[in-house]
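Here's the structure we're looking at; comments come further down.
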Amino acid sequence: MSAGLHEAARLVSGGGVLVLTGAGMSEEAGIPTFRDPGGLWDRFDPSEFGTWQGLAGLATRRPDDLAEFLAALRRALAGARPGPGHVALARLEEAGLVEAVVTQNVDGLHQEARSRRVIEIHGSFLRHRCLRCGRTDTVTRDEVCEGLERAVVGLRQAFVPSFESILPRCSWCGGPARPDFVAFGETLRDFEEAERLATECRVLLAVGTSGEVFPAASLPETARSAGARVVVIAAGPTAVAADVVIQGKAGEVLPRLAEASLAAKD
């Protein structure tokens, strides 16, 4: 066991751990990152495809381009499954060591791996929010992919009078419902709770995040300022200032960290 992994396990075994996860976790589970070369924002302009207003305008002005984007999104979501790293975090939570997971990801993979307390600050594609009544519905990955496929077919085969016409319908009132993700320019979800947890944790474990997307990137420093230790697991460069840095993929490092932490706890 490396010195970094040994020290990280010692810290995690004491409990009070808040986990912050980023795109690196999802990439290992089959969802390409949005920002890296070849990602969605490299292929589709985020000023158009990353805002709700932009998407709505594309439906009537450039339906073929929107169909291509939604098809790419569907392929990414359809192939995703929780990885060993997701499962390891759920084990640590079940053992009482991890208090919560704050994630920048919108794929629902932490919940599928049975993590119970997940703060999704960028929202989730596995929820729909009605544009008429405001209520939210939880949906399955299959339902999301089916909805995206229907939208793609509609955009490619028929005149689209409005973006709302290709959206799924609310189970409460029948109105159009949008995926409950946070688009560019929209307010983060539950970020005050994430900040509070950061001030209360003993250890902040940052996994698969570059530390460059704010305000989520401020959470490690918030925790450090409150007296917590910061542990980073990263496959590549990260801007997160840490007490312990372990280079490697989450799916390889986290299972070893979980085993060592649980052994130290016992």
Side-chain angles (χ1 to χ4, degrees), residues 4-5 7-26 28-29 82-124 182 188-235 238-246 248 250-251 253-262 264-265:
L5 186 61
E7 176 63 8
R10 185 187 69 80
L11 291 171
V12 170
S13 67
V17 179
L18 176 65
V19 182
L20 171 65
T21 65
M25 285 285 295
S26 294
E28 291 184 35
H86 294 93
V87 175
L89 291 178
R91 285 187 64 200
L92 290 171
E93 181 187 29
E94 185 178 12
L97 301 181
V98 164
E99 298 292 330
V101 175
V102 175
T103 186
Q104 299 167 266
N105 302 326
V106 295
D107 47 46
L109 292 173
H110 285 295
Q111 291 91 329
E112 289 184 20
R114 301 191 183 279
S115 285
R116 294 185 296 273
R117 191 177 185 188
V118 183
I119 294 91
E120 297 170 306
I121 58 176
H122 290 164
S124 174
V182 175
L188 296 188
R189 308 287 163 77
D190 302 319
F191 192 68
E192 289 184 0
E193 181 182 5
E195 287 186 306
R196 179 182 61 78
L197 290 168
T199 63
E200 296 174 353
C201 69
R202 280 186 60 255
V203 177
L204 187 139
L205 174 61
V207 185
T209 177
S210 65
E212 296 177 344
V213 180
F214 285 85
S218 67
L219 292 175
E221 188 54 39
T222 297
R224 180 192 294 278
S225 297
R229 304 291 294 278
V230 176
V231 177
V232 168
I233 297 172
T238 177
V240 178
D243 299 288
V244 180
V245 177
I246 304 172
V253 176
L254 278 173
R256 300 204 307 270
L257 176 61
E259 290 292 343
S261 300
L262 293 172
K265 174 177 179 285

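Partner of E120 under the side-chain hydrogen bond (donor to acceptor under 3.5 Å, both in side chains) criterion, chosen from R189, Q111, H110: Q111. The only member of L92, V98, V118 that meets side-chain contact (heavy atoms from CB on, under 4.5 Å) when paired with V19 is V98. With L97 as reference, L262 is the one residue of L89, L262, V203, L205 to meet the side-chain contact (heavy atoms from CB on, under 4.5 Å) rule. Among V12, L5, L11, the single residue meeting the side-chain contact (heavy atoms from CB on, under 4.5 Å) criterion with S261 is V12.
A pairwise comparison of heavy atoms in A216 and Q104 identifies CB-NE2, 3.6 Å as the closest pair. Of all heavy-atom pairs between T199 and A226, the closest is O-CB, 3.4 Å. Across all their heavy atoms, F191 and S218 have their closest contact at CZ-OG, 3.9 Å. Contact between A113 and V87 at its shortest, heavy atoms only, is CB-N, 4.0 Å. Residue E93 comes nearest to S115 through the heavy atom pair OE1-CA, 3.2 Å, listed as atom of the first residue, atom of the second, then distance. What you find for V232 and A242 is that their closest heavy atoms are CG2-CB, 3.5 Å.
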Report task. Please step through salt bridge (charged side-chain N to carboxylate O under 4.0 Å, His left out) for the pair E7 and R10, ending with a clear verdict. Result -> CA-CA 5 Å; E7 176 63 8; R10 185 187 69 80; 2.7 Å; yes
- For side chain to side chain contact (heavy atoms under 4.5 Å, CB included), just list the numbers for E99 and V17, CA-CA rounded to whole Å, side-chain angles, deciding distance to a tenth of an Å, and then say yes or no. CA-CA 6 Å; E99 298 292 330; V17 179; 6.0 Å; no
What do the steps show when you test M25 against T103 for side chain to side chain contact (heavy atoms under 4.5 Å, CB included), and what is the final call? CA-CA 10 Å; M25 285 285 295; T103 186; over 6 Å; no
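Between the side chain of S26 and the main chain of A23, no donor-acceptor pair closer than 3.5 Å is present. With hydrogens and angles disregarded, no donor-acceptor distance shorter than 3.5 Å links the side chain of N105 to the backbone of D107. Side chain of D243 to main chain of V230: a donor-acceptor pair is present (N/O by atom type, distance under 3.5 Å, no hydrogens or angles).
A heavy-atom distance below 4.5 Å is found between the side chains of E195 and L219.
Under the 4.0 Å criterion applied to side-chain N and carboxylate O atoms, R256 and E259 are not assigned as salt-bridge partners. Salt-bridge formation is detected for the pair E193/R117: a Lys NZ or Arg NE/NH1/NH2 atom is positioned less than 4.0 Å from an Asp or Glu carboxylate oxygen.
One distance of note links CG of L204 with CD of E221; it measures 10.5 Å at 0.5 Å rounding.
The neighbour count for R114 CZ, taken as heavy atoms of other residues, nucleotides or ligands under 6.0 Å away, does not exceed 12.
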